S.K.: 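Mind having a look at this structure? Questions to follow.
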Amino acid sequence: MGERSAEIGRVLEQDSKKLFSLFGWTFVGQDISVDCSRANHKNPKTKAAEKKTHGIDTFYRFYNPFCEREELIIVECKHHQWSDFIPSNVNPWIEELANTIECTSDSQSI
């Protein structure tokens, strides 16, 4: 499955564009790299090395009428077998997404 991950990722990104356009969300970009601004963010594979960047698969904008402001949405495109969805795998994905959101909110380029 690893040899097809880039192809699957592209398909998921294209499908997300179609789906979220139905919600009225505006596509902002894909495959965006955000500089890591926090020394406590670690590389999930090694746990020792500091992160240099965070990757965003797709990025959207929409108007939130409840808050009366534009909101940005980060969408992670993952393709795994159902057996991979266990806490020891999912928790690092959620932590990395939280770290990405944290650095994106500080990013001058975003």
Side-chain angles (χ1 to χ4, degrees):
M1 186 163 38
E3 65 277 358
R4 294 190 55 222
S5 63
E7 173 191 342
I8 292 168
R10 280 191 298 279
V11 169
L12 291 173
E13 288 170 359
Q14 291 303 316
D15 287 349
S16 75
K17 285 182 190 178
K18 292 174 190 171
L19 174 66
F20 297 133
S21 70
L22 296 174
F23 297 165
W25 295 5
T26 304
F27 175 76
V28 176
Q30 68 187 43
D31 300 326
I32 298 169
S33 181
V34 176
D35 290 335
C36 183
S37 60
R38 309 288 166 95
N40 65 326
H41 291 175
K42 303 296 181 196
N43 187 321
K45 301 233 188 284
T46 63
K47 294 285 187 198
E50 289 182 17
K51 289 285 289 185
K52 301 286 188 232
T53 61
H54 300 280
I56 297 175
D57 292 338
T58 55
F59 206 34
Y60 297 87
R61 178 180 70 233
F62 78 102
Y63 179 75
N64 183 338
F66 300 107
C67 299
E68 298 180 342
R69 67 178 184 205
E70 289 283 320
E71 302 273 4
L72 296 174
I73 304 293
I74 295 172
V75 177
E76 282 291 316
C77 299
K78 299 233 181 269
H79 179 78
H80 289 271
Q81 293 179 341
W82 184 249
S83 60
D84 288 343
F85 287 88
I86 57 174
S88 62
N89 288 340
V90 174
N91 290 340
W93 298 339
I94 293 170
E95 181 180 350
E96 177 57 23
L97 180 58
N99 291 345
T100 301
I101 291 168
E102 194 172 62
C103 288
T104 301
S105 67
D106 293 341
S107 173
Q108 294 299 317
S109 62
I110 301 295

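Please read these numbers as outputs of a predicted model, since none were measured by experiment.
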S.K.: Can you check whether Gly24's main-chain N or O pairs, donor with acceptor, with Tyr60's side chain at less than 3.5 Å?
M.R.: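 No; zero donor-acceptor contacts below 3.5 Å.
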S.K.: Is the shortest side-chain heavy-atom distance between Asn99 and His54 below 4.5 Å?
M.R.: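 In contact.
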S.K.: Within this structure, what is the CZ-OG1 distance for the pair Phe20 and Thr58, rounded to the nearest 0.5 Å?
M.R.: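 Reported to 0.5 Å precision, the distance equals 6.5 Å.
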S.K.: How about Thr100 and Glu96: do any of their side-chain heavy atoms sit closer than 4.5 Å?
M.R.: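 Yes, close enough: below the 4.5 Å cut-off.
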S.K.: Can you list every salt bridge (charged side-chain N to carboxylate O under 4.0 Å, His left out) pair that touches residues 64-76, not counting sequence neighbours?
M.R.: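 Those involving residues 64-76 are Arg61-Glu70, Arg69-Glu71, Glu76-Lys78.
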S.K.: Answer yes if Ile56 and Leu97 sit in the same cluster of Ile, Leu, Val, Met, Phe, Trp and Tyr residues linked by side chain heavy atoms under 4.5 Å apart, and no otherwise.
M.R.: yes
S.K.: Heavy atoms only: give me the nearest Val34-Ser107 pair and the separation to one decimal.
M.R.: CG1-CB, 4.1 Å
S.K.: Angle between ring planes, Trp25 versus Phe23, binned at 30° and 60°: parallel, tilted or perpendicular?
M.R.: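 Correct class here is perpendicular.
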S.K.: Which heavy atom of Cys103 sits nearest a heavy atom of Asp35, and at what distance?
M.R.: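 In terms of heavy atoms, the two residues are closest at CB-O, 3.8 Å.
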S.K.: What's the spacing between Asn89 CG and Ile94 CD1 if we round to 0.5 Å?
M.R.: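 Here the rounded value is 11.0 Å.
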S.K.: Assigning hydrophobic clusters by single linkage (Ile, Leu, Val, Met, Phe, Trp, Tyr; side-chain heavy-atom cutoff under 4.5 Å), is Val90 placed with Trp82?
M.R.: yes
S.K.: Nearest 0.5 Å, please: how far is CD in Glu102 from CD in Glu95?
M.R.: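 So the CD of Glu95 and the CD of Glu102 are separated by 10.0 Å.
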S.K.: Write down the atom of Asp57, the atom of Val75, and the distance for their closest heavy-atom approach.
M.R.: CB-O, 3.3 Å
S.K.: How many angstroms lie between OG1 in Thr53 and CD1 in Ile32, if you round to the nearest 0.5 Å?
M.R.: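 Rounded to the nearest 0.5 Å, the OG1-CD1 separation comes to 12.5 Å.
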S.K.: I'd like to know if Leu19 and Phe27 are part of one continuous hydrophobic network [Ile/Leu/Val/Met/Phe/Trp/Tyr, side-chain heavy atoms within less than 4.5 Å].
M.R.: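 Result: yes, single cluster for both.
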S.K.: If you measure from CZ on Phe59 to CG on Asp31, what distance do you get to the nearest 0.5 Å?
M.R.: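 Here the rounded value is 13.0 Å.
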